[in-house]
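We number each residue from 1, following the sequence as shown. These figures come from a predicted structure and were not determined experimentally.
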Amino acid sequence: MSNSDMEITEANIDSFGIEVILPEEGKTAPRCPHGPTLLFEKVDNGGNKGRRFYACSACRDRKDCGFFQWEDEKVSKARMLAREAEMLSKRPLFTQQECCSRFLQFASLPFIEKKFCEDCQILLLPAELSAHSAHRTTMVTTAQLRRPSILLRPLDNKKSNAQYLFTDRSAHFLLDTLAGLGYKKVLCVGTPRLQELIKLRNLEPMKSLLLDIDFRYAQFYSQDEFCHYNMFNHHFFGGEASRAVLDAFLTEADGEQVVMVADPPFGGLVKPLANSFALISQTWRKLRNSGDSNIDIPIIWIFPYFFEPRILECLPGLTMLDYQVDYDNHPLYKHGKTGRRQSPVRLFTNILPKHVVLPREEGYRFCSMCQRYVCSLNKHCTKCNLCPSKDGREWKHCSACGKCVKPSWSHCTSCGRCALPDHPCRQGDGGNGCFSCGSLEHQRKACPLRDMRRKNSFGSKAKSLGKKASHYLAKPGAKKKSEAANRAKKRAAHAL
Ligand code: SAH
Ligand code: ZN
Ligand code: ZN
Ligand code: ZN
Ligand code: ZN
């Protein structure tokens, strides 16, 4: 993950106000050193759309990639040339092929000649040592060579590319789970430590391919184990040859089932990520030749729980699981046993939830009603007919809202919904329409759905309507409708 990433919280996620417009067929976006740029549109509070512009897909900070162009802007020849020069200058020092032959040479060096430059983050060959003599260099053991995620300094660029590496607990859990489900190939999208572990453990015949924008990893892997890739625009820096590597990997020979695990930066650009993952799935589907156009590649997308609505909007076939993913080098989000803050990061997957067995010793249990493993404090609510907690705390049911809410919330009669006790109360501001149904035409007090909602929360109807009812009545806004539809689709997908 990255971006102001871990600083992105539930509270500010909705205030970004910038929409990504996915590329239309046949329309080409201008390129920056990170491949085709994305088309953005600023939307203000009132929903007014601003002028569209192209900006870098990978870097949220203009300092990292300053590309900017209005959609309708004419670009001068001089600027084009300057852009091209910049692209050339930003190319990696070595080609991937060069990296591979360097690695072979390096591996055959005697121990005392195996040196890594910490300043340049590269493995050094003997002839290069003098050029780096003023730099900090370290010896590299064979064991370290097999653990690049420890050898390399995690990128800590807050805005664009911070790297948060899995704890052993989380990485082994993921691998054990995938191995247990019989997957033989793991497509690691932005998960270098997972790839490393697969090779290290070597318990079962498992293959892996790492797709990552961090080219430093090319130094440690062969060409069919690493592709320099941008997951925000599905761009392969190595061109067709690199695409072919992915194609070969996605081709399942004799029951070698593929699964994909992605742990992207948390920048909020859910839409382009979902688009790239859908394209990967499409490629996989085509290569399978099965003719079944509904089936998707098994995927685990690792992301904070508060992105759930956005992710499900883009990929309705996914379900969020309660498992808390934690990271070695993130001080705030560690596993929540010892009173440290709990990690907000979860798994979103299209693998049947009941097949992803969450460890009992870490406090997870199986809910037979929900048919999935949940966190111990996540108590099943018979009124909502689900285990409602998203954040690992015990939620409580509010009959007025007709749904379960966070323990810290209480029902506010003027807002007509649950909120933090010190929320800015909306009574009388009149401008925001109805909090029950999202309509801008009336206030909540005059909502035609109000009576129906009462019945649903107390009456027997609520049960029979199950999830759908509670969802429809849960939050305001037009999104609800599509979410309910998403749920339905999701259930259909799971029925397969
Ligand atoms: N938890 C993972 C690492 C996640 S950090 C693990 O332990 O393996 C996010 C990862 O995504 C990093 O490896 C980073 O290099 C990669 N990344 C960041 N932006 C990317 C992009 N635009 N395209 C592809 N990979 C990207
Ligand atoms: Zn150096
Ligand atoms: Zn349940
Ligand atoms: Zn409830
Ligand atoms: Zn309430």
Sidechain-backbone polar pair: R52 side chain, F40 backbone, donor-acceptor under 3.5 Å: no

Expected output: side-chain R365 to main-chain N378 donor-acceptor under 3.5 Å: yes

Flag, side chain of R147 to backbone of E196, donor-acceptor distance under 3.5 Å: no

Main-chain N/O of E118 paired to Q121 side chain as donor or acceptor, under 3.5 Å: yes

Residue list, side-chain hydrogen bond (donor to acceptor under 3.5 Å, both in side chains) with S242, at least two apart or on another chain: none

Check: S343 side chain, V325 main-chain N or O, donor-acceptor pair, under 3.5 Å: yes

Within 45° cone and under 6.0 Å: K207 NZ/CZ vs F249 ring: no

Heavy-atom side-chain contact between K184 and Q257 under 4.5 Å: no

Residues M231, L273; criterion side-chain contact (heavy atoms from CB on, under 4.5 Å); working and verdict: CA-CA 6 Å; M231 61 172 118; L273 286 172; 3.7 Å; yes

Partner residues of R346 under the salt bridge (charged side-chain N to carboxylate O under 4.0 Å, His left out) criterion, sequence neighbours left out: none

Value rounded to 0.5 Å, distance of CG in L178 from OG in S208: 11.5 Å

Donor-acceptor contact below 3.5 Å, side chain Q195 vs main chain E225: yes

Side chain to side chain, F173 and V356, heavy atoms closer than 4.5 Å: yes

Ring-ring centroid check Y54 F67, cutoff 6.0 Å: no

Distance in Å, L151 CG paired with L145 CG, rounded so as to fall on 0.5 Å steps: 7.5 Å

Geometric class of the F215/F226 ring pair [parallel <30°, tilted 30-60°, perpendicular >60°]: perpendicular

Donor-acceptor pair, side chain of R372 and main chain of C387, under 3.5 angstrom: yes

Heavy-atom side-chain contact between N350 and L315 under 4.5 Å: no

Separation of C398 SG from K383 NZ (nearest 0.5 Å): 10.0 Å

Test item: Q219 and P148 side chains (from C-beta on) under 4.5 Å apart, heavy atoms: no

Salt-bridge contact K390-D322 (side-chain N to carboxylate O under 4.0 Å): no

Ring geometry between Y229 and F236 (parallel below 30°, tilted from 30 to 60°, perpendicular above 60°): tilted

For F277 against A262, the heavy-atom pair lying closest together: CZ-CB, 3.6 Å

Salt bridge (charged side-chain N to carboxylate O under 4.0 Å, His left out) assessment of K185 paired with E252: CA-CA 9 Å; K185 286 169 145 188; E252 298 170 333; over 6 Å; no

Any side-chain heavy-atom pair of C412 and C425 under 4.5 Å: yes

Flag, side chain of E41 to backbone of F53, donor-acceptor distance under 3.5 Å: no

Distance-only donor-acceptor check, side chains S170 and D326, under 3.5 Å: yes

Set of residues satisfying ring pair (Phe, Tyr, Trp, His ring centres under 6.0 Å) with respect to F366, sequence neighbours excluded: Y373

Validation row: W301, V261 side chains within 4.5 angstrom (heavy atoms): no

Separation between CD of Q69 and CD of E71, rounded to the nearest 0.5 Å: 9.5 Å

Flag, side chain of T349 to backbone of I299, donor-acceptor distance under 3.5 Å: yes

Residues M260, I300; criterion side-chain contact (heavy atoms from CB on, under 4.5 Å); working and verdict: CA-CA 6 Å; M260 160 181 171; I300 296 181; over 6 Å; no

Carboxylate-amine/guanidinium contact K271 E19, below 4.0 Å: yes

Donor-acceptor contact present, side-chain S389 to main-chain E394, <3.5 Å: no

Shortest non-hydrogen contact from F348 toward E308: CE2-CA, 3.7 Å

Heavy-atom pair of closest approach, residues C381 and H397: SG-ND1, 3.4 Å

side-chain contact (heavy atoms from CB on, under 4.5 Å) between V186 and L209, worked out: CA-CA 7 Å; V186 184; L209 169 63; over 6 Å; no

Any side-chain heavy-atom pair of W409 and H423 under 4.5 Å: no

Criterion side-chain contact (heavy atoms from CB on, under 4.5 Å) on Y183 and E256, from CA distance to verdict: CA-CA 7 Å; Y183 292 109; E256 291 181 322; over 6 Å; no

Where L22 and P272 come nearest, the two heavy atoms and their spacing: CD2-CA, 4.0 Å

Value rounded to 0.5 Å, distance of CE in M320 from CG in L312: 8.5 Å

Steps toward side chain to side chain donor-acceptor pair (under 3.5 Å) verdict (T191, D263): CA-CA 6 Å; T191 55; D263 189 4; over 6 Å; no

Aromatic contact, F266 with F303 (centres under 6.0 Å): yes

Minimum-distance pair of heavy atoms, taken over all atoms of P421 and S408: CD-O, 3.3 Å

pair R243-H234: side-chain heavy atoms closer than 4.5 Å: yes

Minimum heavy-atom distance between G190 and D212, given as atom pair plus value: CA-OD2, 3.2 Å

Donor + acceptor pair across side chains of Y217, H228 (<3.5 Å): no

Under 3.5 Å side-chain donor-acceptor pair for S57 and N233: yes

I311 CD1 to T319 OG1 distance, which is reported to the nearest 0.5 Å: 11.5 Å

